[in-house]
> 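The structure under discussion is supplied below as structure tokens; questions concerning it will follow.
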Amino acid sequence: MKSAVSSSLFSNSKNLLKPDPLSLLKSVFLPKPSLRSIVKLPSSSLSGQRSISTSIMASSFKPEQARVPSALPLPAPPLTKFNIGLCQLSVTSDKNRNISHAKNAIEEAASKGAKLVLLPEIWNSPYSNDSFPVYAEDIDAGGDASPSTAMLSEASKRLKITIIGGSIPERVGDRLYNTCCVFGSDGELKAKHRKIHLFDIDIPGKITFMESKTLTAGETPTIVDTDVGRIGIGICYDIRFQELAMIYAARGAHMLCYPGAFNMTTGPLHWELLQRARATDNQLYVATCSPARDSGAGYTAWGHSTLIGPFGEVLATTEHEEAIIIAEIDYSILEQRRTSLPLNKQRRGDLYQLVDVQRLNST
């Protein structure tokens, strides 16, 4: 089932913006106030002139052109306040145990009032290139071919909640993906996000990991309308690329969700920093969920699952052990923050543009 704002409809990227030479010339050779006229300005009219100049400058910013196509207005959410549950889970090599454990955590979060539950990245499998092919599931086939998503579907319907199912290895023919499935409160699959930016890192003496050895990169940003608002989905390394978050904001997202598994090298430095940056830049909520730390695993997760508010404030977080975080989300704050700090009205569309290629090609 596709969301009302499903991006899987778009597969072409043929029509990149072609700047009009005349427009470029105009932008480069804009008329500038002469120094002479400024020097001769009577002091008595300075305040009035500043007001006029500010007005002229603001009108020349062209904020509506800073995003192409123009940003969508923030839609009215189905509900304004609700609780989110972040389930920071321990992961073992026993797949059946992992599925059962995740189910229990989802049920506990729902019993504590969560209407939206977020799971970690790769929660049904050890995080390793050797494990991905072994634990991979055929999500589209469903049923016995994908016991992890079958559990998510059943739980979301029975508990009447929305589940952003972290991510699991997905098999499609001879390809493997790192995939997040979103299930609505009716148990239906509403969206499927395949990790767009693969985690290839080499910090000598610290960490080396190459997801691209086994995984294929996804091709589609994913934003989905749910019972708890419009949500943009990313997976772990996707959070480092602010353009993706900006595209989601321009498509009217209330919240960004990133299941992730930052490591012990980059986690302490960047995990919270990136979450707060994505929330602050786009004035929306950011939720993340990590596996719990297992120091004996081949890949050690940093943990620290977190909910960030639209002003970049840390609303709820945890350490590295197993935990279920329950926190309140209040979408009415979004408009308050955007009114107090009107970034969308201050963007310099006369100087720069963010191009959403998929939306551009769909028009």
Side-chain angles (χ1 to χ4, degrees), residues 5 7 10 12-39 41 46-75 196-197 220-221 223 230 232 234 237-256 270 273-286 308-312 334-363:
V5 199
S7 25
F10 315 121
N12 273 329
S13 49
K14 58 184 178 183
N15 295 324
L16 292 174
L17 282 183
K18 296 180 180 178
D20 175 29
L22 182 58
S23 298
L24 286 176
L25 286 173
K26 287 180 179 178
S27 66
V28 173
F29 298 104
L30 285 173
K32 300 176 176 61
S34 70
L35 180 61
R36 182 180 178 183
S37 65
I38 294 174
V39 171
L41 186 66
L46 274 176
S47 60
Q49 183 66 25
R50 286 194 189 104
S51 176
I52 295 172
S53 299
T54 301
S55 176
I56 293 173
M57 288 173 61
S59 65
S60 69
F61 286 176
K62 301 179 182 178
E64 73 284 352
Q65 295 182 23
R67 300 172 189 257
V68 181
S70 298
L72 298 175
L74 192 68
I196 293 174
H197 305 94
T220 309
I223 190 165
R230 185 171 293 177
Y237 205 54
D238 286 339
I239 200 173
R240 288 191 178 274
F241 299 87
Q242 64 267 41
E243 298 88 349
L244 181 62
M246 292 169 68
I247 284 173
Y248 288 154
R251 294 185 187 185
H254 298 102
M255 181 194 317
L256 307 180
H270 301 154
L273 172 69
L274 289 166
Q275 296 173 60
R276 297 184 68 187
R278 299 295 83 85
T280 305
D281 290 348
N282 298 289
Q283 298 180 307
L284 39 62
Y285 283 92
V286 170
I308 305 291
F311 228 39
L334 298 181
E335 288 295 354
Q336 293 177 22
R337 296 307 191 197
R338 295 179 184 197
T339 299
S340 300
L341 192 63
L343 301 182
N344 285 336
K345 297 179 181 178
Q346 298 167 335
R347 297 189 188 281
R348 295 296 301 271
D350 57 323
L351 300 179
Y352 50 75
Q353 294 177 326
L354 170 74
V355 181
D356 187 339
V357 174
Q358 292 178 334
R359 281 185 63 208
L360 184 68
N361 288 341
S362 71
T363 58

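Start at 1 with the first residue, then count along the sequence. Predicted model, so just to flag it, every value in this text is computed and none were measured. Side-chain atoms are counted along with the backbone in the values below, which use heavy atoms only and exclude waters and symmetry mates.
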> Nearest 0.5 Å, please: how far is CZ in R278 from CZ in F241?
10.0 Å

> Taking C-beta and beyond as the side chain, do Q65 and D350 meet within less than 4.5 Å on heavy atoms?
no

> Nearest 0.5 angstrom please: Q242 CD to I247 CD1, how far?
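Q242 CD to I247 CD1: 11.0 Å, rounded to 0.5 Å.
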
> Return the minimal non-hydrogen interatomic distance between A279 and G309, and the atom names on each side.
CB-O, 3.4 Å

> Between K345 and F61, is there a side-chain heavy-atom distance shorter than 4.5 Å?
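With C-beta onward as the side chain, the pair stays apart.
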
> So do R338 and L284 actually touch side chain to side chain, heavy atoms under 4.5 Å?
yes

> Do L74 and E335 have side chains that get closer than 4.5 Å, going by heavy atoms?
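Counting from C-beta outward, L74 and E335 do come under 4.5 Å.
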
> Any side-chain heavy-atom pair from L72 and R230 closer than 4.5 angstrom?
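Result yes, sub-4.5 Å side-chain heavy-atom pair found.
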
> Looking only at heavy atoms, which two atoms of L360 and V68 are closest? And how far apart?
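Heavy atoms only, the tightest pair is CD1-CG1, 3.9 Å.
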
> To the nearest 0.5 Å, tell me how far L341 CG sits from Q283 CD.
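With rounding to 0.5 Å, CG (L341) is 5.5 Å from CD (Q283).
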
> How far does CG of L256 sit from CG of N282, to the nearest 0.5 angstrom?
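Rounded to the nearest 0.5 Å, the CG-CG separation comes out at 6.5 Å.
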
> Could you grab the distance from atom CD of E243 to atom NE2 of H197, nearest 0.5 Å is fine?
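The NE2 atom of H197 is 7.0 Å from CD of E243, to the nearest 0.5 Å.
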
> Pair L334, H254 - check side-chain contact (heavy atoms from CB on, under 4.5 Å), show working.
CA-CA 8 Å; L334 298 181; H254 298 102; 4.0 Å; yes

> For D356 and P69, work out which heavy atoms get closest and say how close.
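In this case the closest contact between D356 and P69 is O-CD, 3.9 Å.
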
> Name all residues meeting the ring-ring contact (aromatic ring centres under 6.0 Å, His included) criterion together with F311; count only those two or more places apart in sequence or in a different chain, and write none if there are none.
none

> For Q275 and I239, which heavy atoms make the closest approach, and how far apart are they?
CG-CD1, 3.8 Å

> With heavy-atom distances below 4.5 Å as the criterion, would you say the side chains of N344 and P63 are in contact?
no

> Show the nearest heavy-atom pair for residues G252 and P75, with the distance to one decimal.
O-CD, 3.1 Å

> Checking side-chain contact (heavy atoms from CB on, under 4.5 Å) for the pair R359/R67: CA distance, chi angles, key distance, verdict?
CA-CA 11 Å; R359 281 185 63 208; R67 300 172 189 257; over 6 Å; no

